Undergrad: 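If you scroll down you'll find the structure; I have some questions about it.
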Amino acid sequence: MALAMKQDFPALAQMVNGHAVAYLDSAASAQKPQYVIDAMNRVMTEHYSNVHRGVYTFGAKTTVAFESARKKIAQFLNAATEKEIVFTRNATEAINLVAASFGQSLKAGDEIILTELEHHANIVPWYFLKEQTGVVLKVVPIRADRSLDMAAFKKLLGPKTKLVAVTQMSNALGTVVPVAEIAAKAHAVGAKVLVDGSQAVVHLDVDVQKIGCDFYVFTGHKLYGPSGIGVLYGRYEVLNGMPPYQGGGEMIEQVSFDKITFKEPPYRFEAGTPAIVEAIGLGAAIDYMNGLDKKAVHAHERALLQEAEKRLAAIPGVTIFSTAPERAAILSFAIDKVHPHDVATVFDQLGIAVRAGHHCAQPLMKVLGVAATIRASFAVYNTLADVERLAEGVHKVKKLFS
Ligand SMILES: *Cc1c(COP(=O)(O)O)cnc(C)c1O
């Protein structure tokens, strides 16, 4: 298999607490390949400048690199044009942008449909909008197997539905959601669709035109790129109908104290100096991903997940929460009588990095009936040895707390 090896990621060559690091927290943030680090260093050491301004050589070179990152992202998502790609700080800001801007077209009584699987980033901005405008939030439940209840979704849809905002893949459970079907059903009642792809872009094939969504958001740092950069994809005619989000330089055409005219998308939504180096770094991360055999990567991640499930399910006292028929790269679990935070602390002593907590999904934790879970998440650089370490770690925790 033409797979990315651990050695592409310099941080993973280290020892942690006397052990080779088994990094199983990529769903929170992924490690960076040398390729991305080099691309970012090159901008700063060879031709750094602001973008869209200087006529001098550095300015032209940096602007070309910045705009070519936008093109790479458009291709990566199969957007119709790079004008549909807005740079944001992260997925959170992308959703806040849609809530603040598209949200202005909504009025009291209009309905927004969310799901129990959502990350707080796809809940709180809509709660703000509800407080401001009186829109009504409806929530699609999950089923006992932790897949989305599509029958319940269809029942919630109606003439008042103006937006469906849904994750394509749960960051807490790994559940994969049939977003194309959701988009088709939502459009049939005239609603717009926002898909949170923060996890999905890393582990699934994403094609925004096939999905048919109006908005798609993701965040750079989970896709092997830097932090501080995220993406809002918006279908051009939808973006073009939306008012600006923030005001400032870069987003205007003409400014006087009486009248201001704005640029077309995407620039209308990019006030101020953007995260230049980070955007170029995200473009490099996409180049890196494109250089891999995508099918092999997905098969590798599936194999790691299956092996981890098999190993953990065989250990008495382990409860696995990631049980939906369609799921990817994430294994959420608990060990009887041991607090998830204690598990993560013991794991750290063994050089194993996992996440313990509510995973920014408190409503989902409530549905699961727990305050927290332990989450192991898998990425392109993980190996079967990491899975082995995870299973051994669980055995050690059980001994320690028995
Ligand atoms: C991580 C994540 C977010 C938020 O990403 P930020 O980089 O913190 O903005 C939103 N949704 C999902 C599903 C995530 O996994």
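Model, not experiment: these values are computed from the prediction. Just so you know, ligand 1 is whichever comes first in the structure, and atom 1 is the first atom listed for that ligand.
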Undergrad: By number and element, which atoms of ligand 1 are closer than 4.0 Å to a non-hydrogen atom of Asn90?
TA: 6 (P), 7 (O), 9 (O)
Undergrad: Does Phe102 have its ring centroid less than 6.0 Å away from the ring centroid of Phe215?
TA: yes
Undergrad: Can you tell whether the side chains of Lys107 and Asp110 come within less than 4.0 Å, N to carboxylate O?
TA: yes
Undergrad: Between Tyr233 and Phe76, does the ring centroid distance fall short of 6.0 Å?
TA: no
Undergrad: Counting both backbone and side chain atoms, is some N or O of Thr167 under 3.5 Å from an N or O of ligand 1?
TA: no
Undergrad: Just which atoms of ligand 1 are under 4.0 Å from any heavy atom in Ala91?
TA: 5 (O), 9 (O)
Undergrad: Are any of the side-chain nitrogens in Glu67 or Arg70 under 4.0 Å away from the carboxylate oxygens of its partner?
TA: yes
Undergrad: May I ask you to identify the nearest protein heavy atom to atom 11 (N) of ligand 1, giving residue, atom name and distance to one decimal place in Å?
TA: Asp196 OD2, 2.5 Å
Undergrad: Looking at ligand 1, does any of its N/O atoms fall within less than 3.5 Å of an N/O of Gln199?
TA: yes
Undergrad: For Asn171, is at least one N or O under 3.5 Å away from an N or O on ligand 1?
TA: no
Undergrad: Could you list the atoms of ligand 1 found under 4.0 angstrom from a heavy atom of Lys222?
TA: 1 (C), 2 (C), 3 (C), 5 (O), 14 (C), 15 (O)
Undergrad: Below 4.0 Å from ligand 1: does a non-hydrogen atom of His120 turn up there or not?
TA: no
Undergrad: Would you say the side chains of Thr167 and His119 form a donor-acceptor pair under 3.5 Å?
TA: no
Undergrad: Would you kindly specify which portion of Arg89 sits under 4.0 Å from ligand 1, judged on non-hydrogen atoms: side chain, backbone, both or neither?
TA: neither
Undergrad: Between Phe378 and His203, is the ring centre distance below 6.0 Å?
TA: no
Undergrad: State whether the side chain of Glu326 and the backbone N or O of Ser147 hold a donor-acceptor pair below 3.5 Å, judged by distance alone.
TA: no
Undergrad: Which atoms of ligand 1 are found less than 4.0 Å from any heavy atom of Thr92?
TA: 4 (C), 6 (P), 8 (O), 9 (O)
